[in-house]
2 protein chains.
Amino acid sequence: MRRRGAVLEDAILRAAADELAESGYPGLTMDRVAKRAGTNKNAIYRRWPNRAALGIAAYRQLMQDRTVIPDTGDLRTDVLETLRNANRHLSSPNGDILRGLLASLHTEPELLTELHERMADGGSELWLTILRRAVERGQARPEALNPRVATVAVVLLRNEYVTRGVTEVADEVIVEIVDDVYLPLVSSSTR
Amino acid sequence: MRRRGAVLEDAILRAAADELAESGYPGLTMDRVAKRAGTNKNAIYRRWPNRAALGIAAYRQLMQDRTVIPDTGDLRTDVLETLRNANRHLSSPNGDILRGLLASLHTEPELLTELHERMADGGSELWLTILRRAVERGQARPEALNPRVATVAVVLLRNEYVTRGVTEVADEVIVEIVDDVYLPLVSSSTR
DNA sequence: TACATAAGGTACTTGGTGTACCTTATTTTC
DNA sequence: GAAAATAAGGTACACCAAGTACCTTATGTA
């Protein structure tokens, strides 16, 4: 029996996600995905306009685990935990895939923004929530409740990966980002 | 007469730089560079192991203009000027090229770090100098004399380009980065 | 049962990287 | 000044991947 519609689409997506997980974005070729899904390139191109679009869809497939927002009652602890989570993600194979996608998409802004919203590490809501609670406790200044300020830590972290090409950021760097940059920037007291 | 050695090398580099400037990194193909330099691919491959290496060399060729360090006596003015310079660079065709290189090099860390050192926008020395002067004037806190802290502004700026895929960052964003993030982080007074 | 829709199969065009191999010009060395 | 070494030119090609064309075949739907 011949698969069609959603069934086939799922099979293709699963195959693409597997390829991504195994070989990263550079290894995601249409031929291999087609072969792995037991179909052919036409079926793929009827659904996604090009490789990049399939890559994003597959990456999304890979990322259904949602991040939890820590709430320990201490700003520094919350921030450290969240940043370490992001680092765990970025240094995992998935992070490598994300960077591969980010890299290849710099010419396609529409796809980039779509990816941006699904980026497991950069959701500003996450950071704003942490800060909102800290403000209520008097640990953070209210002016910090600003997406650009709130996400500074994770932006610096991602910067390590993107501009240095490292595959893993040491925990000392995480602590440095938090203690030298983030806390001085958002916290209310201590100076 | 047949060119060889440094003369030929220069010609290739110039051709590559021209291609980069005209068509960006994706448009930099070995065939076209060879043709433009009036030689052939062999001559190129004898000098650079692959396209990425040639790309970096060509980019470097393109960037001999050194950045000047402003010294107006006011921290905010110095920072704004420097960041606007970086933005001018990043939103120019050269910035596009830089991003294209950054993108394609995420798998080759050695090349990436080489590029990193030559990045016209991220030299931490530049920022440290600005801050050192500001500390002497009492406008910045001494703890800010730390590469990670000092370069926060330009990292955030580059982040706009890399993760949003925009081709130009508005001046309001620059001002926001400076006033909402950078100055609160480094300045000594005002809170 | 007829028709429309969607999948399979296959071959191909295009474009780019990197390599092989041979010929030819220019230095260097004896 | 000739011989040998070095480096450039020329051409063709293997290889790979994206994307397209076109036809055949299966599966729903009216």
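Note that the structure is predicted; figures quoted are calculated from it, not measured. Letters A, B, ... are given to chains in the order of the sequence lines, protein chains preceding strands, and every chain is numbered from 1.
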Nearest heavy atoms of [X] and [Y], plus distance in Å:
{"X": "B:Leu20", "Y": "B:Ile97", "result": "O-CD1, 3.2 Å"}
{"X": "A:Leu13", "Y": "A:Ala57", "result": "CD1-CB, 3.8 Å"}
{"X": "B:Ala150", "Y": "B:Tyr182", "result": "O-OH, 2.6 Å"}

What about B:Leu101 and B:Ile44, same hydrophobic cluster or not, with Ile/Leu/Val/Met/Phe/Trp/Tyr joined at side-chain heavy-atom distances under 4.5 Å?
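Yes, because B:Leu101 and B:Ile44 connect within a single hydrophobic cluster, where side-chain heavy atoms sit under 4.5 Å apart.
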Closer than 4.0 angstrom, basic N to acidic O: yes or no for B:Arg148 and A:Glu160?
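Looking at B:Arg148 and A:Glu160, the cut-off is met.
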Hey, are B:Arg88 and B:Glu168 close enough for a salt bridge, meaning a charged N less than 4.0 Å from a carboxylate O?
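Between B:Glu168 and B:Arg88 there is no salt bridge, as every charged N stays at least 4.0 Å from the carboxylate O atoms.
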Tell me yes or no: between the side chains of A:Tyr45 and A:Asn40, is some donor less than 3.5 Å from an acceptor?
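There is no such pair (donor and acceptor under 3.5 Å, judged by atom type) between the side chains of A:Tyr45 and A:Asn40.
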Starting from [atom2] on [N], measure out to [atom1] on [X] and report it in whole angstrom.
{"X": "A:Glu19", "N": "D:dA17", "atom1": "CD", "atom2": "P", "value": "11 Å"}
{"X": "A:Ile12", "N": "C:dA6", "atom1": "CD1", "atom2": "P", "value": "14 Å"}
{"X": "A:Leu8", "N": "D:dA26", "atom1": "CG", "atom2": "P", "value": "16 Å"}
{"X": "B:Arg46", "N": "D:dT6", "atom1": "CZ", "atom2": "P", "value": "14 Å"}

Between the protein and nucleotides 25-28 of chain C, which nitrogen or oxygen pairs come in under 3.5 angstrom?
from   : atom 1 : to     : atom 2 : distance (Å)
C:dT26 : OP1    : B:Arg2 : N      : 2.9

Is B:Arg51 positioned over the aromatic face of B:Tyr25, cation under 6.0 angstrom from the ring centre and no more than 45 degrees off axis?
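Judged by the rule (NZ or CZ under 6.0 Å from the ring centre, within 45° of its axis), B:Arg51 counts as positioned above B:Tyr25.
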With the sugar-phosphate defined as primed atoms, P, OP1 and OP2, and the base as all remaining atoms, what B/S/- string results for nucleotides 10-19 of chain C, 5' to 3', for protein heavy atoms under 4.0 Å?
B-----SBBB
Under 4.0 Å: is that the gap between some side-chain N or O of A:Thr39 and OP1 or OP2 of C:dG8?
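Indeed, a polar side-chain atom of A:Thr39 lies that close.
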